[in-house]
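To keep things clear, I will list the structure first and then write my remarks on it.
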Amino acid sequence: MGKDMGRYIVKRVLIAAVTLLAITFLLFLLMDLLPGSPFNNEKLNEAQRALLEHKYGLDKPFFVRYWIYLNNLLHGNFGISYVIAVDQPVSGMMASRLPITIRMGVQAMLIGVVVGLIFGIIAALKKNTWIDTIATICSVIGFSVPAYVFALFLVFFAAFKMGWFPIRFAIDQPVFSSILPTLSLSAYIIATMARYARSEMIECLSSDYITLAKAKGISEQKVIIRHALRNTLVPIITVVSPLMIGLITGSVVVEQIFGVPGLGQMLLSGVQNNDYNVIMAVALVYSFLYIVIMLVVDVLYGFIDPRIRVSGGKA
Amino acid sequence: MQDMNLNIPDVPAEKLTLVHRDPSDFHEISEVYENTSYWKDAALKMLHNRGAMVGIFMIVGIILFAVFAPIASARTYDEVILEHNFLPPRIPVLENFGIFDGVRDGVDVYAQREIPENVYYYFGTDSLGRDLWTRLWNGTRLSLLIAVIAVVIDLVIGMSYGLVSGYFGKTVDFLMQRFVEVLNGIPQVVLVTLFALVLEPGISSIILALLVSGWIPMSRVARAQMLKQKGQEYVLASHTLGTNSRKTIFGEIVPNVLGQVVTMSMFSIPSAIFTESYLSYIGLGVRAPMASLGSLVSDGYSSFLSYPYLVIAPVTVLAILMISFNLFADGLRDAVDPTMKEM
């Protein structure tokens, strides 16, 4: 098992590293194709623009620039911002924003997973009753409606009409003012989790070992907690990667609506200002986070379920 | 069988008695099951699925409104009447019940601005006095168009990619799957944003964004289905008869995986509609005066707190559209192949 697992982990890490490298290349190529230049200012004439491009090394051939970029990247240097904060290092801009986005993501994930699991399990235990129907309707809504729609809804009712929460995120009260954005982000997670937990739990409850446990005279409660719940929880880590995508997607617009100074907002302002290094950095960090989470999930699942690592990750 | 000499003595049936069985366990055949085809069976299952029927009903309703409302409307989506800006919604008949009566903060805005009694803006007007009702259904047309485009992209690119990758296997499959892995490693929202930047904002930029990433889940399903089908006898038979790969894949195998493939393409509709609304919302989608559900939300957002109806209408239609397509796709999956996974 030890050797098996070690090889499996090394293989997964290598694949993740190669994927990341390919992503940097793809993104860099894409940046090169983008129309418009970061120096779009109409006051600049051709010579001045050429001078600026030379100053930032934008006139060098593609592969030379890519090589320089990669080298810098290995030293944690994402280059400098051309437009948003002229000549400021992008890594510095990111240092203050990344923790905010991550914290909000973790909050949303925790709330979403816990609430979603509870809903899903209750729905499964009360299968085909009105409770189940209501839970299913809610989860279809949560699954379908985009996070920014929830965000607008919450801003209007909970913040503007009722005045319970601040309309915009305030850095001096980071917990209280992050409640609404967190809730908007977690709606999708709650819904996905509830759906998944429900079907997984129903499958568990109808399996032979549950019938056996019941036949042996174990009480209903014990059967559910000791046997069904445990086996429901294990496969649930596989849903984490798609949930992560939902979080990243949600964060971009939700951050903008609540004025949260996070990565998503940085991406949008980079896009609006043609600030290549900023766009590139945010895209890379998002991809990095996603790939690392996928890697962790894969490895964890390999630990739990030996069939996965034997078949080389193809379940 | 005839050669076997079992030496069973000839015993009349009435001398035999049942052992361990109760004669009351045997029933007359009470029901003759009809022989139904695959697609008829799926259609019957859909009819009994309440969620799916609600979904279909709402989709048809929205399509009817999107097609006929702009035609029936006396106004066009880009008609600017500045004197009529920010009028609250007013609908005939309903106005008598205290809703949609053109009143804002206790003031009848229509009367205050001396707008004739017979002028109705069902969903109100925006900052330029454009009719939200007409713009909304025009925008819905765009979302429905995107839905059709998403299905086409899924069927043309996604299905072919997955089938080819699964069919040839080995190096071809390895390279094709690594490529998908790289594309998949970039969160879709980032990928879509970047590709939408390459072209000028508009429908073409939205389509390009969908072309890049919309088909990936479909390619997975198609590949998995292909791996299931590949080893079956009819594929071997097709090979043996000398059919070439293209004909084997699209002539023999595709009809056998069509159910799963069509179901999967339905799942990509809500995500394509979301992509469009997201791109338009952040300003990379359609340009004014054209309207889409996303751009309407984005336009209304700046005056959201004072004129919430500008956002509520497009958001409601968007939500209903996404919910109905999800319900429909869920129902279709349950009818066609309940074991199918979405991802």
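Each chain gets a letter, A, B and so on, in the order the sequences are listed, and its residues count up from 1.
- Here Phe123(B) and Tyr309(B) keep their ring centres 6.0 angstrom or further from each other.
- Between the side chains of Gln188(B) and Thr249(A), no donor-acceptor pair of N or O atoms lies under 3.5 Å.
- Only the side chain of Met31(A) has a heavy atom closer than 4.5 Å to any heavy atom of chain B.
- The aromatic rings of Phe179(B) and Tyr161(B) sit tilted, their planes meeting at an angle between 30° and 60°.
- Under the 3.5 Å distance criterion, with hydrogens and angles disregarded, a donor-acceptor pair is assigned to the side chains of Glu276(B) and Ser280(B).
- Only the side chain of Ile279(A) comes within less than 4.5 Å of a heavy atom of chain B; its backbone N, CA, C and O stay farther away.
- Both the backbone and the side chain of Leu152(A) come within contact range of chain B, judged by heavy atoms closer than 4.5 Å.
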Would you tabulate the side-chain donor-acceptor contacts of residues 284-295 of chain A under 3.5 Å, counting partners in other chains and residues two or more places apart, or write 'none'?
{"unit_1": "Tyr286(A)", "atom_1": "OH", "unit_2": "Ser251(A)", "atom_2": "OG", "d": "2.9"}
{"unit_1": "Tyr286(A)", "atom_1": "OH", "unit_2": "Gly264(A)", "atom_2": "N", "d": "3.3"}
{"unit_1": "Ser287(A)", "atom_1": "OG", "unit_2": "Ala283(A)", "atom_2": "O", "d": "2.7"}

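- The number of heavy atoms from other shown groups lying within 6.0 Å of CZ (Phe153(A)) does not exceed 12.
- Taking Gly283(B), Ser271(B), Ala319(B), Pro308(B) one by one and counting their heavy-atom pairs under 4.5 Å with chain A, the maximum is reached by Pro308(B).
- Contact annotation for Leu284(B): only side-chain heavy atoms (C-beta onward) come within less than 4.5 Å of a heavy atom of chain A.
- The side-chain heavy atoms of Val145(A) and Tyr188(A), taken from C-beta on, include no pair separated by under 4.5 Å.
- Neither the backbone nor the side chain of Ile137(A) comes within contact range of chain B; no heavy atom of the residue lies under 4.5 Å from a heavy atom of that chain.
- Contact of Val297(B) with chain A is made through the side chain alone, with heavy-atom distances under 4.5 Å.
- For Phe325(B), no part lies near chain A; criterion is any non-hydrogen pair under 4.5 Å.
- Of the two parts of Leu318(B), only the side chain, counted from C-beta on, holds a non-hydrogen atom closer than 4.5 Å to a non-hydrogen atom of chain A.
- Contact of Val311(B) with chain A is made through the side chain alone, with heavy-atom distances under 4.5 Å.
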Exercise for the section: Test Lys127(A) against Asp132(A) for salt bridge (charged side-chain N to carboxylate O under 4.0 Å, His left out), laying out the working first. Expected result: CA-CA 6 Å; Lys127(A) 194 183 159 194; Asp132(A) 184 25; over 6 Å; no
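- Across Val190(B), Leu194(B), Ile273(B), the residue that shares the most heavy-atom pairs under 4.5 angstrom with chain A is Leu194(B).
- Of the atoms belonging to Pro270(B), not a single heavy atom falls under 4.5 Å from chain A.
- Residue Ile245(A) touches chain B through its side chain alone, counting heavy-atom pairs closer than 4.5 Å.
- Taking the side chain as every heavy atom from C-beta outward, Val189(B) and Thr275(B) never approach each other to under 4.5 Å.
- For Ser277(B), the parts lying near chain A are the backbone and the side chain together; criterion is any non-hydrogen pair under 4.5 Å.
- The cationic group of Arg178(B) lies under 6.0 Å from the six-membered ring centre of Phe174(B) and within 45° of the ring axis, placing it in a cation-pi geometry.
- Closest heavy-atom contact between Leu163(B) and Ala222(B): CD2-O, 3.7 Å.
- Between Phe28(A) and Phe62(A), the distance from one ring center to the other falls under 6.0 angstrom.
- Met58(B) is listed as a side-chain neighbour of Val54(B), based on a closest heavy-atom distance under 4.5 Å.
- Listed options Ile248(A), Val155(A), Leu21(A) were ranked by heavy-atom pairs under 4.5 angstrom with chain B; first place goes to Ile248(A).
- Scanning residues 252-261 of chain A against chain B with a 4.5 Å heavy-atom cutoff picks out Val252(A), Val253(A), Gln256(A), Ile257(A), ordered by number.
- In this structure, Arg195(A) forms a cation-pi arrangement with Phe143(A), its terminal cationic atom sitting closer than 6.0 Å to the ring centre and no more than 45° off the ring axis.
- Residue Leu268(A) touches chain B through its side chain alone, counting heavy-atom pairs closer than 4.5 Å.
- Between chain B and the residues Ser144(A), Pro146(A), Ala22(A), the most heavy-atom pairs under 4.5 angstrom are made by Ser144(A).
- Counting heavy-atom pairs closer than 4.5 Å to chain A, the top-ranked of the candidates Val315(B), Leu197(B), Leu183(B) is Leu197(B).
- Taking the side chain as every heavy atom from C-beta outward, Tyr167(B) and Arg223(B) never approach each other to under 4.5 Å.
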